[in-house]
Amino acid sequence: MKASRARLFKEYKEVQREKTADPDIQLVCDDSNIFKWTALIKGPSETPYEGGVFQLAFAVPEQYPLQPPQVRFLTKIFHPNVHFKTGEICLDILKNAWSPAWTLQSVCRAIIALMAHPEPDSPLNCDSGNLLRSGDMRGFQSMARMYTRLAAMPKKG
């Protein structure tokens, strides 16, 4: 547990130092628990998520960085690799392809990349995956844009 705390403190310092370096990611550590983090990530440009801001919740295990954090979307998102109800993310680096070289920041980067390049063949959201697998890009993009507008964009007025 000491090693994981030290590693998380190091990442916390790096996040504080590089706040302006990566405007697409805002990582925040819970004030009372270094094993709980949240992130705000910007939807990648030229995707149906563009203009949206999505909140992620991180639960970091005591065996970190030897084990991956549990990450889920708190913001609703229509994406084949994200469970619509729970926000669970199907991403290899959060499962069997994890390496201690990954940081919470780089996990956010990988999730942004997944948003831009969905993998419809291993869907957690079957409706979204089926639209993409059947070649209905228009249907997928209009649903994804609609949910981005409803859940991830600031309300006007």
What do the steps show when you test D30 against W37 for side-chain contact (heavy atoms from CB on, under 4.5 Å), and what is the final call? CA-CA 6 Å; D30 185 284; W37 294 63; over 6 Å; no
Given the rule that I, L, V, M, F, W and Y join up when any side-chain heavy atoms are under 4.5 Å apart, are L40 and Y147 in one cluster? no
Do the non-hydrogen side-chain atoms of I41 and Q26 ever get within less than 4.5 Å of each other? no
How many angstroms lie between CZ in F140 and CG in N130, if you round to the nearest 0.5 Å? 12.5 Å
For N125, does its backbone N or O pair with a side-chain atom of S128 as donor and acceptor, under 3.5 Å? no
Would you please test Y64 and E11 for side-chain contact (heavy atoms from CB on, under 4.5 Å) and show each step? CA-CA 12 Å; Y64 182 81; E11 288 192 37; 2.4 Å; yes
When clusters are formed by joining ILVMFWY residues with side-chain heavy atoms under 4.5 Å apart, either directly or through shared neighbours, do L131 and M146 land in the same one? yes
What side-chain donor-acceptor pairs closer than 3.5 Å can you find for residues 65-81, not counting sequence neighbours?
| residue | atom | partner | partner atom | Å |
| --- | --- | --- | --- | --- |
| R72 | NH1 | T86 | O | 3.4 |
| T75 | OG1 | Q55 | N | 2.8 |
| K76 | NZ | F84 | O | 3.0 |
| H79 | ND1 | N81 | N | 3.0 |
| H79 | NE2 | L114 | O | 2.9 |
| N81 | OD1 | E119 | N | 2.8 |
| N81 | ND2 | E119 | O | 2.7 |
| N81 | ND2 | S122 | O | 3.3 |

Looking at I111 and L56, what are the two nearest heavy atoms and their distance? CD1-CD1, 3.9 Å
Taking P48's backbone N and O only, do any of them form a donor-acceptor pair with T148's side chain (distance below 3.5 Å, no angle check)? yes
Is the shortest heavy-atom distance from the side chain of D121 to the side chain of R133 under 4.5 Å? yes
Using the side-chain contact (heavy atoms from CB on, under 4.5 Å) rule, take T38 and F58 through it: C-alpha gap first, then chi angles, then the decisive distance, then the call. CA-CA 6 Å; T38 54; F58 285 76; over 6 Å; no
May I ask you to check whether over 12 heavy atoms, not counting those of N33, lie within 6.0 Å of atom CG? yes
Is the count of non-hydrogen atoms from other residues, nucleotides or ligands lying under 6.0 Å from K95 atom NZ greater than 12? yes
What I'd like to find out is whether the side chain of C29 reaches to under 4.5 Å of the side chain of K36, using heavy atoms alone. no
State which residues pass side chain to side chain contact (heavy atoms under 4.5 Å, CB included) with R149; sequence neighbours excluded, sorted by chain then number. R145, M153
Does a side-chain heavy-atom distance below 4.5 Å link D92 with N96? yes
Is there a donor-acceptor pair under 3.5 Å between the side chain of S4 and the backbone N or O of E62? yes
Should R5 and K2 count as side-chain neighbours, where that means a heavy-atom distance under 4.5 Å? no
Side-chain donor-acceptor pairs of residues 101-110 under 3.5 Å, sequence neighbours excluded:
| residue | atom | partner | partner atom | Å |
| --- | --- | --- | --- | --- |
| T103 | OG1 | Q105 | N | 3.4 |
| T103 | OG1 | S106 | N | 3.0 |
| T103 | OG1 | S106 | OG | 3.2 |
| S106 | OG | T103 | N | 2.7 |
| S106 | OG | T103 | O | 3.0 |
| R109 | NE | D22 | OD2 | 3.3 |
| R109 | NH2 | D22 | OD1 | 2.8 |
| R109 | NH2 | D22 | OD2 | 3.2 |

Once you round to the nearest 0.5 Å, how far does CZ of R138 lie from CE of M143? 14.5 Å
How about CD on Q16, more than 12 heavy atoms from neighbouring residues, nucleotides or ligands closer than 6.0 Å, or not? yes
As a quick check of understanding, evaluate side-chain contact (heavy atoms from CB on, under 4.5 Å) for L132 and D136, giving each step before the final call. CA-CA 6 Å; L132 286 174; D136 189 355; over 6 Å; no
Give me the ring orientation class for F54 and Y49: parallel if the planes are under 30° apart, tilted from 30 to 60°, perpendicular past 60°. perpendicular
Crowded around Y12 OH? As in, over 12 foreign heavy atoms under 6.0 Å? no
Taking atom CG of L91 and atom CD1 of I89, what is their separation to the nearest 0.5 Å? 7.0 Å
